[in-house]
Enquirer: 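First, the structure itself, so that you have it in front of you.
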Amino acid sequence: MQKLFGVIGDPIGHSMSPAIHNDAFSHQNIQASYHAFHVKEQHLEDAVKGFKAIGISGFNVTVPHKTAIIPFLDEMDELAEAIGAVNTVKNENGKLIGYNTDGPGYVAALKEEMNSPLRDKKTLIIGAGGAARGIYYSLVYEGVSHIDICNRTIEKAEKLIHDCPYKATSAALSMHAAAEKLSQYDLIIQTTSIGMSPNTHASPLTLENVNQEAFVSDIIYNPLKTAFLQEAETRGTKIQNGIGMFVYQGALAFQIWTGVFPDTKRMKKIVLEKLGGTIC
Ligand code: ATR
């Protein structure tokens with residue numbers, strides 16, 4: 001019988017996940033199909049129960065359900081539990097198990113594009129929301145030993161560092177303080193929504209003091225090159241947009257469900273075709 005997979009979220013209409021997963025299933029000769037389901041907050045519990053009742057094999061979870069879904073799952077993977085957010089669920093013999101592939105997906109994409117060891121990189125994360133949490137925890141889990149976080153609301157950066165069960169040397173900074181000492185960082189990761197379409201001229205902080213040798217990354221992929229990345233490029237640093245994170249979170253979910261790591265180049269090509277651009 002054909003296996004069923006999907007993604008739930010609100011809104012969900014523009015999700016690129018069905019395109020990348022359905023292509024990967026057919027490319028790997030796996031009899032399965034993947035659909036987008038529009039699930040409103042008040043229907044989340046019923047939707048999860050329904051998925052369980054019909055024996056769905058697995059699904060992705062996106063905004064706004066990544067934390068709210070946790071009480072409706074049977075088990076949690078260690079990293080997902082620590083992050084407190086789930087973007088991938090696997091049905092194992094009727095038990096729904098929650099995973100987080102957003103943070104590990106980001107790290108996998110970073111390793112591929114940076115092409116030099118991560119552990120010793122003095123890192124700055126801009127933002128302290130859900131995405132920053134997944135990335136911070138995954139980088140610390142990976143062994144990166146020095147990661148500062150700057151945020152408009154500094155208390156949220158302090159809390160994020162404090163809550164993390166894995167330890168690193170970290171300071172919570174104001175945006176201004178981070179901009180002042182920017183030259184100290186080898187890796188700068190922008191995780192806020194600042195600069196996302198339609199507000200494409202906005203940037204979280206000036207890169208005036210950036211070290212030319214630094215690697216500057218932005219998790220936004222629409223636009224493909226944010227104002228922040230444009231400034232970084234102008235100042236001579238290497239840059240990375242959010243396509244890799246999106247592709248690798250999908251690839252790692254696919255691997256959890258099927259045991260097969262899919263062709264990420266195919267996935268990237270599909271995403272780029274949908275967004276209508278070339279990778280930076
Ligand atoms: P996500 O799950 O995508 O990370 P989130 O949890 O709502 O979303 O977090 C959004 C992040 O973007 C936060 O770090 C937020 O800063 P605050 O904690 O101070 O709210 C940051 N952010 C969003 N809009 C911003 C703006 N206009 N200026 C500065 N920071 C902003």
Side-chain angles (χ1 to χ4, degrees), residues 7-12 14-17 39 41 44 60-70 79-88 98-107 109-110 123-140 147-164 170-180 182 185 188-207 216-223 226-229 231 240-250 253:
V7 55
I8 57 171
D10 176 26
I12 200 66
H14 292 105
S15 173
M16 293 183 288
S17 294
V39 175
E41 227 165 330
L44 179 63
N60 285 127
V61 184
T62 188
V63 177
H65 306 313
K66 289 186 184 187
T67 300
I69 194 164
I70 294 173
L79 184 62
E81 174 111 58
I83 294 170
V86 163
N87 79 318
T88 300
Y99 295 86
N100 187 309
T101 69
D102 285 329
Y106 176 79
V107 172
L110 188 64
T123 302
L124 174 71
I125 295 179
I126 303 168
R133 178 175 291 258
I135 290 171
Y136 177 83
Y137 285 24
S138 302
L139 286 172
V140 180
I147 313 173
D148 293 343
I149 304 179
C150 67
N151 197 43
R152 174 178 59 183
T153 317
I154 202 162
E155 295 77 17
K156 277 173 70 179
E158 282 165 356
K159 181 166 169 24
L160 199 165
I161 293 165
H162 177 263
D163 289 350
C164 184
S170 294
L173 306 168
S174 69
M175 294 286 209
H176 179 74
E180 290 275 294
L182 211 58
Y185 296 103
I188 299 166
I189 306 168
Q190 197 307 102
T191 72
T192 76
S193 50
I194 303 169
M196 195 184 284
S197 182
N199 300 315
T200 54
H201 294 295
S203 191
L205 52 79
T206 170
L207 288 161
V216 179
S217 166
D218 195 322
I219 67 165
I220 293 172
Y221 53 77
N222 186 16
T226 56
F228 184 70
L229 286 188
E231 184 185 349
Q240 175 196 33
N241 68 14
I243 299 259
M245 179 181 182
F246 176 73
V247 164
Y248 273 92
Q249 65 73 32

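Every number for a ligand or one of its atoms is a count from 1 in the order of the listing.
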Enquirer: Show, in sequence, the C-alpha distance, side-chain angles and deciding distance for Leu139 and Ile189, and conclude whether the side-chain contact (heavy atoms from CB on, under 4.5 Å) test is met.
Expert: CA-CA 11 Å; Leu139 286 172; Ile189 306 168; 3.6 Å; yes
Enquirer: Please report the shortest heavy-atom distance between Gly105 and Tyr248, naming the atom on each side.
Expert: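 What the structure gives for the nearest pair is O-CB, 3.3 Å.
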Enquirer: Apply side-chain contact (heavy atoms from CB on, under 4.5 Å) to Tyr106 and Asp102, showing your working.
Expert: CA-CA 6 Å; Tyr106 176 79; Asp102 285 329; over 6 Å; no
Enquirer: Going by the closest heavy atom to atom 23 (C) of ligand 1, which one wins out of Ser193, Pro64, Pro204, Ala157?
Expert: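 Ranked by closest heavy atom to atom 23 (C) of ligand 1, first place is Ser193.
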Enquirer: Run Thr191 and Arg133 through side-chain contact (heavy atoms from CB on, under 4.5 Å) and show every step you take.
Expert: CA-CA 9 Å; Thr191 72; Arg133 178 175 291 258; over 6 Å; no
Enquirer: What heavy-atom pair brings Leu173 and Tyr185 nearest, and what distance separates the two atoms?
Expert: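 Where Leu173 meets Tyr185 most closely, the heavy atoms are CD1-OH, 3.4 Å.
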Enquirer: Taking only heavy atoms of Lys156, which atoms of ligand 1 are found under 4.0 Å from at least one of them?
Expert: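 Those qualifying, in numeric order: 17 (P), 18 (O), 20 (O).
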Enquirer: Only heavy atoms of Thr192, strictly under 4.0 Å: list the atoms of ligand 1 that pass.
Expert: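 Contacts of ligand 1 toward Thr192, numbered from 1: 12 (O), 21 (C).
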Enquirer: Donor-acceptor check, side chain of Asn60 to backbone of Asn87, threshold 3.5 angstrom: yes or no?
Expert: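 Side chain of Asn60 to backbone of Asn87: a pair is present.
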Enquirer: Under 4.0 Å, heavy-atom basis, I'd like to know which part of Ile194 is in contact with ligand 1: side chain, backbone, both or neither.
Expert: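 Under 4.0 Å from ligand 1, Ile194 contributes side-chain atoms alone.
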Enquirer: Specify the protein heavy atom at minimum distance from atom 20 (O) of ligand 1: its residue, its atom name, and the distance to 0.1 Å.
Expert: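 Sorting protein heavy atoms by distance from atom 20 (O) of ligand 1 puts Arg152 NH2, 2.9 Å first.
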Enquirer: If you take the nearest heavy atom of each of Gly130, Ala132, Cys150, Gly195, which one is closest to atom 6 (O) of ligand 1?
Expert: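 Nearest option to atom 6 (O) of ligand 1, by heavy atoms: Gly130.
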Enquirer: For atom 13 (C) of ligand 1, which of the options Thr153, Asn151, Leu205, Asn199 provides the nearest non-hydrogen atom?
Expert: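 It is Asn151 whose heavy atom sits nearest to atom 13 (C) of ligand 1.
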Enquirer: Output, in order, the C-alpha distance, side-chain angles, deciding distance and verdict of side-chain contact (heavy atoms from CB on, under 4.5 Å) for Val140 and Ser170.
Expert: CA-CA 10 Å; Val140 180; Ser170 294; 5.7 Å; no
Enquirer: Heavy atoms only: which of Gly129, Ala85, Gly127 lies closest to atom 9 (O) of ligand 1?
Expert: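 Going through Gly129, Ala85, Gly127 one by one, Gly129 has the nearest heavy atom to atom 9 (O) of ligand 1.
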Enquirer: Check each atom of ligand 1 against the heavy atoms of Ala128 and keep those under 4.0 Å away; list them by number with element.
Expert: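 Listed by number with element: 14 (O).
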Enquirer: With heavy-atom distances below 4.0 Å as the criterion, list the atoms of ligand 1 near Ala131.
Expert: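 Every atom of ligand 1 under 4.0 Å from some heavy atom of Ala131: 1 (P), 2 (O), 4 (O).
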